Amino acid sequence: MLRLIGKRLVGALPSVIGVLIVTFLLTRALPGDPAAFFAGPAATPQAIEEVRRALGLDKTLPEQFVVYLKDLARGDLGNSIATGQPVLTEIRTRLPASLELTLYGLLVSVLIAVPLGVLAATRPGSWIDHLCRVMTTAGVSLPAFFTGLLLVYVLYYRLGWAPAPLGRLDIFYSAPPHVTGLYTIDALLAGDGATFRAACAQLLLPVTALAIFTLAPLARMTRAAMLEVLGSDFIRTARASGLPKGKIVYAYAFRNAMLPVVTTLGMVFSFLLGANVLVEKVFSWPGIGTFAIEALISSDYAPIQGFVLTMALLYVALNLAIDILYIVIDPRVGFES
Amino acid sequence: MSETLKHIRYVLTENPVTLFAFSLFGFILFCALFGPYLAPYDPLATNGAATLQPPSGAHWFGTDALGRDIFSRVLVATRLDLGIAFFSVVLTFAIGALAGIAAGFFGGWVDRVVGRLADTIMAFPLFVLAMGIVAALGNTVGNIVLATAIINTPLYARVARAEANIRRNAGFVEAARLSGNGEARILLMQILPNILPILMVQCSLTMGYAILNAAGLSFIGLGIAPPTPEWGILVAEGAAYMISGEWWVALFPGLALMTAVFCFNLLGDGLRDIVDPRRRT
């Protein structure tokens with residue numbers, strides 16, 4: 001199995017190379033002349049020439065690509081013009097906030113979508129089947145930023161159940177000591193129940209908005225996969241042999257149905273990471289999405305490139321994790337290759 | 001031909017949801033074509049005397065912070081939103097379908113190059129890639145269309161590739177080849193018309209996704225400049241008022257956005273019923 005996992009790691013290399021080439025090309029496709037842009041509006045042609053040489057823009061594209069790779073290897077993503085900070089530092093401090101949102105969003109979405117899909121498939125035509133169908137069709141049509149705003153209006157403004165949509169913690173609390181960067185986990189590690197509850201309260205609305213958006217493809221896939229497995233020969237045999245229904249559904253059918261669902265997780269992550277950016281804006285979440293949006297508005301290019309690169313590498317890593325999970329769940333994968 | 005019509009009528013009457021989707025599509029198309037002439041107010045005209053009015057007989061959807069009529073703004077925005085989605089889907093169709101068919105039909109190095117390019121695009125979270133493209137190429141409507149088209153291309157190319165691959169050695173292709181047709185001619189005259197219906201279904205589904213994507217980009221401040229009415233911008237403008245209770249500013253453009261996406265998703269399912277050969281028996 002280890003060899004198989006190693007093989008998958010090597011298999012992810014072309015994706016990483018592709019991502020690096022695309023982000024490099026995006027940096028070089030800046031509108032106008034980057035040298036003139038960085039030299040400022042009052043620069044003389046001579047000054048622009050100097051900046052061009054300093055930035056290495058007088059070299060050929062492949063040479064520039066090598067320089068770009070060397071900078072990346074040193075962890076140099078450039079500096080943000082707006083804050084003056086290295087982009088890497090900014091991203092490192094903000095990434096846990098985004099990750100916390102994404103991971104809880106996925107967790108909630110899976111916890112609702114999978115049981116819903118299974119119940120819908122085992123009781124076709126029942127009210128839960130119809131509920132599943134309505135939720136999957138409506139869920140993909142609801143933009144996460146709009147759901148987020150509706151939740152803010154109903155649960156914060158109308159009912160007052162949720163705290164104000166302003167960041168990761170209410171101002172009365174201070175951040176727990178940094179261990180993982182995920183406030184909920186850090187608060188638990190520090191044994192601080194009040195901060196934990198406060199962090200959960202802030203997470204409630206954005207996580208719900210993300211979960212609603214990503215629930216649809218997961219529930220749809222679970223339902224379809226369960227229906228297909230339940231109609232297959234080995235389930236018929238199990239039924240004919242008189243095995244208890246619970247064992248058939250949960251031990252045999254469910255495990256086999258999980259395979260296509262795990263495959264869809266890749267697509268779900270793509271949705272999730274994109275929706276994350278929008279949800280972060282709605283909830284003033286101090287993650288890398290908000291950072292990128294601020295940079296976009298002030299035409300600050302280095303942070304945007306750093307953001308795109310980080311997200312893409314994160315996505316490649318997540319897909320790799322899904323691949324490995326697949327090997328763990330399905331022992332047949334090893335024999336086929 | 002009358003068989004096809006009969007089948008379309010059967011699908012429409014058999015499934016009320018499909019009929020509903022088609023009527024909704026007609027309505028949205030009507031708004032896009034005639035919206036600017038039907039709007040009761042000038043969508044850009046401000047009115048200091050009537051700011052943040054809740055929905056009423058005079059202003060069906062209320063007014064925003066500058067006293068602009070939200071109903072007129074939502075109505076007029078239909079054309080822009082639909083236009084962006086439409087042109088990006090056309091572009092996706094042109095690039096994705098051709099590349100995919102060529103990959104599936106010729107195989108070999110064409111297949112490998114197309115596959116590798118598609119994989120590279122799919123290695124990014126798609127919305128994030130769209131943000132990067134718009135940021136790099138410049139903040140214009142044209143680039144929103146381009147970015148939306150690029151991120152949707154791999155899905156298209158995959159569908160087209162799979163369908164073309166099945167048919168590359170089909171009887172009618174062999175027949176065309178034996179009667180002396182060139183490969184390019186077979187590709188365009190035989191393969192493309194045969195898989196067109198399947199690609200059209202994909203078009204409808206992608207349309208919904210394209211609308212969502214474009215609205216998301218303008219929601220974070222990319223693409224269209226603020227005074228222009230566009231659903232994503234309208235929701236963004238109303239976002240700040242959700243916390244203070246003026247729900248109508250963001251709700252109505254959001255609902256319009258949702259309805260349009262919902263319509264194209266339903267339409268895609270309905271079109272699939274029409275073109276799916278298994279349904280024809």
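Keep in mind that this is a model prediction, so the values were computed, not measured.
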> Heavy-atom cut-off 4.5 Å, strictly under: side chain, backbone, both or neither for A/Y153 against chain B?
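For A/Y153, backbone and side chain are both near chain B.
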> Nearest heavy-atom pair of A/V308 and B/G132: which atoms, and what distance?
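Smallest heavy-atom distance, with atoms named: CG2-CA, 3.8 Å.
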> For A/F65, I'd like to know if atom CZ has over 12 heavy atoms of other residues, nucleotides or ligands within 6.0 Å.
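More than 12 within 6.0 Å, yes.
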> Yes or no on side-chain contact (heavy atoms from CB on, under 4.5 Å) for B/F219 and A/V282, after CA distance, side-chain angles and deciding distance?
CA-CA 10 Å; B/F219 179 77; A/V282 172; 3.6 Å; yes
> Enumerate, atom names and distances included, each donor-acceptor pair closer than 3.5 Å involving a side-chain atom of residues 245-254 of chain B, sequence neighbours excluded.
| residue | atom | partner | partner atom | Å |
| --- | --- | --- | --- | --- |
| B/E246 | OE1 | B/S244 | OG | 2.8 |
| B/W248 | NE1 | B/Q53 | O | 3.0 |
| B/W248 | NE1 | B/T63 | O | 3.1 |

> Yes or no on side-chain contact (heavy atoms from CB on, under 4.5 Å) for B/F124 and A/M311, after CA distance, side-chain angles and deciding distance?
CA-CA 7 Å; B/F124 286 87; A/M311 284 297 230; over 6 Å; no
> For A/V19 and B/T120, run side-chain contact (heavy atoms from CB on, under 4.5 Å): C-alpha distance rounded to whole Å, both residues' side-chain angles, the deciding distance at 0.1 Å, then the answer.
CA-CA 7 Å; A/V19 162; B/T120 305; 5.9 Å; no
> Quick check on the interface: out of A/L272, A/T23, A/L313, A/V22, who has the most heavy-atom pairs with chain B under 4.5 Å?
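Between A/L272, A/T23, A/L313, A/V22, the count favours A/V22.
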> Is there a side-chain contact (heavy atoms from CB on, under 4.5 Å) between B/V261 and A/L142 once you walk through the steps?
CA-CA 8 Å; B/V261 179; A/L142 274 169; over 6 Å; no
> Where does B/D119 contact chain A at under 4.5 Å (heavy atoms): side chain, backbone, both or neither?
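Neither part; nothing is under 4.5 Å.
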> Can you name the nearest heavy-atom pair linking A/L273 to B/V128, along with the distance?
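The answer is O-CG2, 4.4 Å.
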> Within this structure, what is the OG1-CE distance for the pair A/T147 and B/M258, rounded to the nearest 0.5 Å?
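The OG1 atom of A/T147 sits 9.0 Å away from the CE atom of B/M258.
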> Out of B/L266, B/N213, B/I121, B/L255, which one racks up the most heavy-atom pairs below 4.5 Å with chain A?
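Most heavy-atom pairs within the cutoff with chain A belong to B/L255.
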> I need the minimum non-hydrogen distance between A/Y315 and B/M122, along with the two atoms involved.
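The pair with the smallest heavy-atom distance is CE2-O, 3.2 Å.
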> Please round to the nearest 0.5 Å and tell me the distance separating atom CD of A/E294 and atom CD1 of B/I220.
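Output value for this atom pair is 12.0 Å.
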> Counting only N and O atoms by type, is there a donor-acceptor contact under 3.5 Å from the side chain of A/S15 to the main-chain atoms of B/A123?
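Flag not set: sc A/S15 to bb B/A123 has no pair under 3.5 Å.
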> Select one option (side chain, backbone, both, neither) describing which atoms of A/F271 are under 4.5 Å from chain B's heavy atoms.
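Just its side chain gets close to chain B.
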> Could you check which of A/Y156, A/F145, A/F307 has the highest count of heavy-atom pairs closer than 4.5 Å to chain B?
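Option with the greatest count: A/F145.
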> Got a second to check how far B/L222's CG is from A/I293's CD1, nearest 0.5 Å?
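Going from the CG atom of B/L222 to the CD1 atom of A/I293 covers 8.5 Å.
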> Mind checking the CG-OG spacing from B/L212 to A/S141? Nearest 0.5 Å is all I need.
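Rounded to the nearest 0.5 Å, the CG-OG separation comes out at 7.5 Å.
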> Do you know which of A/V277, A/V316, A/N276, A/I304 has the most heavy-atom pairs with chain B at a distance under 4.5 angstrom?
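Result: the option with the highest number of such pairs is A/V277.
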> Contact part of B/Y209 toward chain A, heavy-atom cut-off under 4.5 Å: side chain, backbone, both or neither?
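Side chain of B/Y209 only, per the 4.5 Å heavy-atom cut-off to chain A.
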> What's the spacing between A/L278 CG and B/F127 CZ if we round to 0.5 Å?
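The distance works out to 4.0 Å.
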> Below 4.5 Å from any heavy atom of chain B, which atoms of A/V152 appear? Answer side chain, backbone, both or neither.
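Contact with chain B involves the side chain of A/V152 alone.
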